[in-house]
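Along the sequence shown, residues carry numbers from 1.
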Amino acid sequence: MSMAAFAVSLVIQSLTELLIHEAKHIPELRGRIELMQMKLRQLLSILEIADARQEADEGISNWIAETREVAYDLEDLLTVAVCSRKEGSILKKYTHMFKEVSSLHNLEPKFQVIEAKISALESDLRIRNIKPRRRGLTNLVSQRHLEQRRSYSHYIEEDFVGLDEDVKELVARLVKEDGEKNYQVVSITGMGGIGKTTIAKRIYHHIDCRSHFHAFAWVCVSQQWQQEDVLQRILHKLEPEKKKEINRMKVEELVEELFEVQKKKRCLIVLDDVWGKDVWVVLRPAFPPRQVNSKIILTTRNREIARYIDRDTPCYLYQQRHLNKTESWELLKKKVYRGLNIRDKSQGDGGDGGEHEYSSGSEDDDAASSAASFHSCLTDEEEEEVTGQLHNSSPEDCVQDHKNQMDMERLGKEMVGQCGGLPLAIIVLGGLLMTKSTISEWQTVHQNFNSYLRRARSTRESGRVHGVLALSYHDLPYQLKPCFLHLGNFPEDFKIPTRKLYQLWAAEGFISAEFYQAEEEESIMDVAERYLGELVQRSMVQVRVDEVTGRFKSCRLHDLTRELCLLKGKEENFLKKVPLRFEPELIGSPSPSTKASVTRRLSVAAHRQKKSSANTDMVCDEFKLLRVLDLERFCFGGKLSKAIGNLVHLRYLSLRGSQFNRLPSSIGNLKYLQTLDLRAPFLVCVTIPNVIWKLNHLKHLYLPPSHRSASKLQLGSLSKLEILKNFDTRVSDYRDIPKLVKLQKLAAILTMETENLAEIIHCLKMEHNHIRNSSFRIRYDFQSEREFTVLRQLVGFTHLHKLDLVGLINRLPEHCHFSQSLTKLTLRSSRLKEDPMATLEKLPNLHSLMLRKNVYEGNEISCSPQGFPQLRTMELQGLASLEHWIIEKGAMPNLYCLKIDECINLRMVPEGIKHIATLKELVIANMPAAFKCRIQTVQQEEAEDFYKVKHIPSITITEMSSSSMKELEKQLSGTIGSFSL
């Protein structure tokens with residue numbers, strides 16, 4: 001479904017919210033809103049059908065664009081009407097830089113204009129004949145896409161590198177007939193263009209498969225498919241002698257015939273390019289249950305399909321990887337060098353090698369033509385024309401010149417590096433370079449590579465890549481399309497923090513009750529994560545997973561996917577990117593692909609190397625209907641402008657990393673704010689007025705690491721708050737915490753008397769609290785037995801994930817009293833008498849341990865076998881009395897990074913480090929020369945203890961000045977910066 005459908009759905013929801021919350025204050029609008037709601041729902045039902053036809057019919061495409069813009073205009077007008085009531089002042093219209101002055105009284109003509117447009121759209125001749133499309137019917141454009149996507153099994157790509165071992169493993173799984181891991185289905189998943197079909201063909205033609213199976217069938221299912229057609233094509237391959245009989249069979253008979261033939265023959269069936277679960281639902285009855293003789297290979301972009309199949313049929317999920325740099329360059333060389341008839345000196349006369357493992361086998365009927373084969377973007381006639389041009393090239397321009405070849409290799413490696421290991425992208429790039437026979441042409445391609453990608457739809461060389469990616473976008477549910485297009489806001493290759501992304505999606509209205517059914521106690525962040533998960537399943541987005549939580553930590557777009565994202569965003573008038581110094585006329589300029597002239601979102605790009613100075617007055621005066629303002633790492637010259645309070649429709653405001661020392665009281669005007677991020681740099685103490693309590697829609701509040709207020713900040717009224725970070729009991733009232741009934745994540749600095757700590761413990765243990773994840777920095781000396789009892793209760797919170805204890809501790813609580821959820825622990829100035837490792841190594845889920853400055857007064861610590869089973873990072877800093885460290889074999893089996901800093905009496909690196917095979921990083925900082933000399937290699941001579949650390953890939957030996965260390969200590973002592981929620 002199109003973005004127009006999303007826009008109309010969004011406006012329908014906005015109208016519903018207006019009826020509930022605002023229309024009672026503007027009674028003259030109620031009837032009008034209800035009427036327009038009804039009309040928009042009618043338009044939405046038409047859009048659901050019209051969307052599938054827009055590529056083939058320019059008139060319908062224009063109608064859809066006009067419907068989208070009318071929906072947006074209506075949303076703007078209603079917002080202006082509400083503003084006129086609330087503010088009692090005149091607002092400027094925001095769709096044209098707010099140049100038009102409006103008031104509630106003179107909005108009547110504008111409502112009439114929009115109503116007339118909606119009526120005209122309903123009766124428009126362009127949609128009068130639209131009727132629901134029958135199943136299986138396709139238009140010419142869809143058929144052309146289908147032909148381009150259809151794969152041909154007879155051709156085994158010569159352009160195949162890097163996955164031979166994967167092929168062998170998958171073949172072994174298919175031919176294996178006994179054991180518990182006997183899979184009936186092998187599902188090959190991955191993003192479009194990664195080579196799923198290619199690897200499936202290698203398996204399909206592998207000599208082991210050819211000798212094991214008796215009959216073979218390859219069908220490309222694609223998006224437009226019919227059950228009868230797919231069943232017939234499979235049976236035509238398995239029983240070619242019965243072709244006429246098969247053509248006369250009904251669907252029920254085809255299912256029965258396919259079921260029976262698999263009982264008679266050992267069959268290998270490939271279902272290529274499967275897009276939905278419905279394919280398996282419909283075809284499943286044709287495959288014998290728990291049949292081990294016949295096997296199925298399925299290729300899809302959606303991993304969820306494989307998981308769905310695995311519910312009742314053993315299915316092995318193979319996630320295809322991207323090529324690395326070496327493999328990518330090898331693939332490009334094969335494509336370009338063969339096309340230009342140049343022999344690669346790095347290749348032997350044997351060519352590809354390994355071809356003896358593959359048999360041509362019997363050819364499939366659907367592979368009669370190779371014109372649309374995967375490896376080439378040119379027709380036979382075009383390839384002949386290119387060959388003729390190459391033969392006529394002058395000797396001085398020909399790439400066979402050695403110097404030109406070296407220059408081309410350099411340019412080629414730079415370009416292939418931008419393909420992100422995506423085989424189809426690399427092959428398309430190779431297809432483009434094959435047509436360029438001179439060094440000057442290669443230089444031109446290099447200079448304009450991104451332009452070639454942007455012009456993918458109109459250039460034959462790279463049209464295939466764009467077509468594949470565009471097809472993936474088109475298949476997205478309409479709720480996910482704005483989420484995907486929104487990713488175009490971020491710079492190229494930017495690792496997008498997922499939590500920030502979720503908050504932005506929510507602020508933009510992409511995630512709301514109209515579009516999802518939330519499970520019990522599911523927050524909007526949980527729903528947003530599900531949305532991102534769907535994009536990941538469809539291989540539209542690449543993600544990094546947090547090793548501790550298993551949740552998405554960051555995401556990014558592949559360059560080609562981002563090009564598509566920006567192109568579609570421009571077509572939909574969804575997003576326009578402008579430089580930091582922009583002119584107003586840039587914003588109102590129309591997109592060439594549509595008649596509409598309104599840009600819904602602006603992304604103002606600024607270089608981030610240095611903090612930029614910013615004057616927010618222009619933004620606050622000219623963009624009064626702004627919903628999102630992300631001003632990270634700007635310098636505001638002290639106090640933030642009070643004009644920020646004019647942006648009463650803000651849902652998201654981030655000043656993270658920006659320089660300001662005072663927040664204006666006008667911030668209390670931002671009634672709709674959902675996310676407020678005030679995390680200034682650690683050394684900046686921000687004065688906050690006691691107005692945040694007014695923001696009763698706030699869900700995510702990030703206070704500055706260091707902040708103060710003239711009076712206690714009152715936060716108890718924030719009944720919708722889900723995340724609260726840097727809550728400081730010296731500034732805010734700890735008694736507000738139990739009033740935050742929806743709070744799920746809390747990071748707090750607790751500095752108070754024992755009685756107050758006990759009261760906080762009581763609040764956090766109350767049955768009605770929803771806290772799932774808490775992080776505490778506690779400054780307190782726990783010396784008496786009563787204080788030790790409080791400490792034992794604090795470390796035992798079931799929701800405690802991160803803990804930083806600063807102050808004297810007579811002894812640590814027994815390991816059984818620590819929370820099983822604790823993943824990160826920092827101890828400072830504890831002055832423990834007993835070895836802390838004896839207790840801490842028994843914490844089952846501890847991933848990070850930092851022992852800093854006078855934590856332990858003994859001279860020896862010891863890590864036992866199987867101790868610290870999940871620890872990934874450890875830091876020992878400032879343990880001045882430590883002399884010996886014993887690490888027994890089997891301790892810390894998952895340690896990745898170790899830092900030893902300013903442990904001035906530690907004599908040597910522990911012997912047991914040599915047994916930690918997972919250790920990848922070792923940092924030695926501010927250690928005595930004698931210690932460092934034992935592991936440093938001088939003039940290729942291994943030092944005394946080098947054998948202990950030689951397996952570690954990264955070893956850093958560094959010094960930090962005393963002034964820098966003191967500055968760092970000052971930062972750490974006053975903030976909770978080491979916590980991240």
Main-chain N/O of His799 paired with Ser774 side-chain donor or acceptor, under 3.5 Å: yes
Beyond-backbone contact of Leu676 with Tyr702, side-chain heavy atoms, under 4.5 angstrom: no
Heavy-atom check, side chain of Lys853 versus side chain of Gln877, under 4.5 Å: yes
Steps toward side-chain hydrogen bond (donor to acceptor under 3.5 Å, both in side chains) verdict (Tyr780, Glu787): CA-CA 9 Å; Tyr780 197 81; Glu787 290 165 341; 3.0 Å; yes
Sidechain N-carboxylate O distance under 4.0 Å for Arg772, Asp526: yes
Exercise: identify the closest heavy-atom pair between Leu713 and Ser732: CB-OG, 3.6 Å
His847: partners by side-chain hydrogen bond (donor to acceptor under 3.5 Å, both in side chains), with sequence neighbours left out: none
Flag if over 12 foreign heavy atoms under 6.0 Å of NZ, Lys712: yes
Between CD1 on residue Ile809 and OG on residue Ser830, distance to nearest 0.5 Å: 4.0 Å
Donor-acceptor pair, side chain of Arg627 and main chain of Ala507, under 3.5 angstrom: yes
Sequence-distant partners of His707, ring pair (Phe, Tyr, Trp, His ring centres under 6.0 Å), two or more places apart: none
Side chain proximity check, Ile737 to Leu724, heavy atoms < 4.5 angstrom: no
Derivation of the side-chain contact (heavy atoms from CB on, under 4.5 Å) call for Phe490 and Leu504: CA-CA 12 Å; Phe490 297 94; Leu504 289 169; 3.8 Å; yes
Thr751 and Thr729: side chain donor to acceptor below 3.5 Å: no
With sequence neighbours excluded, residues passing side chain to side chain contact (heavy atoms under 4.5 Å, CB included) with Asp736: Gln714, Leu715, Asp733, Lys739
Side chain proximity check, Leu825 to Leu827, heavy atoms < 4.5 angstrom: yes
From Asn845 atom CG to Ser821 atom OG, the distance as rounded to the nearest 0.5 Å: 7.5 Å
Asn726 side chain vs Leu703 backbone, donor-acceptor pair below 3.5 Å: yes
Ser848 to Thr873 - nearest heavy-atom pair and separation: OG-OG1, 3.2 Å
Under 3.5 Å donor-acceptor, His815 side chain and Leu840 backbone: no
Residue pairs fulfilling side-chain hydrogen bond (donor to acceptor under 3.5 Å, both in side chains) with at least one residue in residues 686-700, sequence neighbours excluded: Thr675-His700, Thr687-Arg708
Reported CZ-to-CD distance for the pair Phe634 and Gln659, which is rounded to 0.5 angstrom: 13.0 Å
Any donor-acceptor N/O pair, Glu508 side chain to Trp505 backbone, under 3.5 Å: no
For Glu814, salt bridge (charged side-chain N to carboxylate O under 4.0 Å, His left out) partners two or more places apart: none
Leu650 vs Val628, side-chain contact (heavy atoms from CB on, under 4.5 Å): CA-CA, chis, key distance, verdict: CA-CA 6 Å; Leu650 274 184; Val628 172; 5.6 Å; no
Contacts of type side chain to side chain contact (heavy atoms under 4.5 Å, CB included), residue Ser654, not counting sequence neighbours: Asp630, Glu632, Tyr652, Arg656, Asp677
Heavy-atom side-chain proximity of Met525 to Arg499 below 4.5 angstrom: yes
Reported CZ-to-NE2 distance for the pair Phe510 and His486, which is rounded to 0.5 angstrom: 5.5 Å
Leu803 vs Ile778 side-chain heavy atoms within contact, under 4.5 Å: yes
Qualifying residues under side-chain hydrogen bond (donor to acceptor under 3.5 Å, both in side chains), relative to Ser709, sequence neighbours excluded: none
Test item: Asn810 side-chain N/O and Gln783 main-chain N/O as donor-acceptor pair under 3.5 Å: yes
Qualifying residues under ring pair (Phe, Tyr, Trp, His ring centres under 6.0 Å), relative to Tyr502, sequence neighbours excluded: none
Closest non-hydrogen atom pair, Val543 against Cys555: CG1-CB, 3.8 Å
Residues Lys824, Glu875: salt bridge by 4.0 Å N-O rule: no
Ala506 to Ile524 - nearest heavy-atom pair and separation: CB-CD1, 3.7 Å
Backbone N/O of Lys553 and side chain of Thr498: donor-acceptor pair under 3.5 Å: yes
Beyond-backbone contact of Leu487 with Leu501, side-chain heavy atoms, under 4.5 angstrom: yes
Which residues share a salt bridge (charged side-chain N to carboxylate O under 4.0 Å, His left out) with Glu722, sequence neighbours left out: none
Spatial distance of atom OG1 (Thr823) from atom CG (Leu849) [nearest 0.5 Å]: 11.5 Å
Mutual orientation of the aromatic rings belonging to Tyr672 and His649 [parallel < 30°, tilted 30-60°, perpendicular > 60°]: parallel
Worked check of side-chain contact (heavy atoms from CB on, under 4.5 Å) between Phe782 and Leu794: CA-CA 12 Å; Phe782 295 92; Leu794 278 169; 4.2 Å; yes
Spacing of Leu701 atom CG and Leu695 atom CG [to the nearest 0.5 Å]: 8.5 Å
Closest non-hydrogen atom pair between Pro705 and Phe682, with its separation: CG-CD2, 3.6 Å
Close side-chain approach of Phe797 to Ser819, heavy-atom, < 4.5 Å: no
Qualifying residues under side chain to side chain contact (heavy atoms under 4.5 Å, CB included), relative to Ser666, sequence neighbours excluded: Lys642, Ile644, Pro664, Asn669
Arg544: partners by salt bridge (charged side-chain N to carboxylate O under 4.0 Å, His left out), with sequence neighbours left out: none
Shortest non-hydrogen separation from Leu655 to Leu640 and the atoms involved: CD1-CD2, 3.5 Å
Contacts of Arg831 that satisfy side-chain hydrogen bond (donor to acceptor under 3.5 Å, both in side chains) - sequence neighbours left out: Glu857
Intermediate values then yes/no, side-chain contact (heavy atoms from CB on, under 4.5 Å), Phe776 and Leu800: CA-CA 8 Å; Phe776 298 126; Leu800 181 63; 3.7 Å; yes
